Amino acid sequence: MYILFLYSETIEHLFFECVQVQGLWIELNGILRKKLGKSISFDSEDIIVGYKYEKLKDKVVVEINNMIIKYKWFVLKYKNTNTMLRKED
């Protein structure tokens, strides 16, 4: 059974509020925690517009934003399929 139109498909829902998508941002946070040694919390603006944080080096912020873009591409790639969002192996 498919439940459609349960939520309005806004950009904010598609990339941030959707329960399936939130798991991706938690996963990204875990990757960044291992890489940077600290946890980064994302809000919808960080995901939609881009992450910015003055206390990190520009190179690190660019890398974080590149990862966000890749995850957003993943969401768009799978949004119209009937599969759960999972990272490909």
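Because the structure is a prediction, the values reported are computed rather than measured.
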Check your understanding: What residue pairs, at least two apart or across chains, pass salt bridge (charged side-chain N to carboxylate O under 4.0 Å, His left out) with a residue in residues 34-44?
Key -> K35-E63
Exercise for review: Mind checking side-chain contact (heavy atoms from CB on, under 4.5 Å) for V62 and listing every partner two or more places apart, or none if nothing turns up?
Suggested key: N66
Review point. What residues, two or more places apart in sequence or in another chain, satisfy side-chain contact (heavy atoms from CB on, under 4.5 Å) together with Q22?
Key: none
Review point. Who pairs with S39 by side chain to side chain donor-acceptor pair (under 3.5 Å), at least two apart in sequence or on another chain?
Key: N29
Review point. For E17, what residues pass the side chain to side chain donor-acceptor pair (under 3.5 Å) criterion, not counting sequence neighbours?
Key: none
Check your understanding: According to a 4.5 Å side-chain heavy-atom criterion applied to Ile, Leu, Val, Met, Phe, Trp and Tyr, with indirect links allowed, do L76 and I68 form part of one hydrophobic cluster?
Key -> yes
Review point. Are Y78 and I26 in one and the same hydrophobic cluster, where Ile, Leu, Val, Met, Phe, Trp and Tyr link if side-chain heavy atoms are under 4.5 Å apart?
Key: no
Point to revise | D46 vs F16, side-chain contact (heavy atoms from CB on, under 4.5 Å): CA-CA, chis, key distance, verdict | key: CA-CA 10 Å; D46 294 330; F16 189 74; over 6 Å; no
Review point. Taking side chain as C-beta onward, heavy atoms only, is Y71 less than 4.5 Å from V21?
Key: no
**Study point:** Heavy-atom donor-acceptor pair, K72 side chain to I48 backbone, under 3.5 Å
**Key:** yes
Revision key, fill the gap. For F42, the ring-ring contact (aromatic ring centres under 6.0 Å, His included) test, sequence neighbours excluded, returns Y51
Check your understanding: Which heavy-atom pair separates L14 from V75 by the least distance, and what is that distance?
Key -> O-CG1, 3.6 Å
Check your understanding: How far apart are the closest heavy atoms of L28 and M67, and which atoms are they?
Key -> CD1-CE, 3.5 Å
Exercise for review: Name all residues meeting the salt bridge (charged side-chain N to carboxylate O under 4.0 Å, His left out) criterion together with E12; count only those two or more places apart in sequence or in a different chain, and write none if there are none.
Suggested key: none
Exercise for review: Flag yes if more than 12 heavy atoms outside I11 fall under 6.0 Å of its CD1 atom; otherwise flag no.
Suggested key: no
Practice item. Would you please test L36 and I64 for side-chain contact (heavy atoms from CB on, under 4.5 Å) and show each step? Key: CA-CA 10 Å; L36 301 175; I64 290 169; 4.1 Å; yes
Review point. Measuring from W25:CH2 to L32:CG, what's the distance to the nearest 0.5 Å?
Key: 10.5 Å
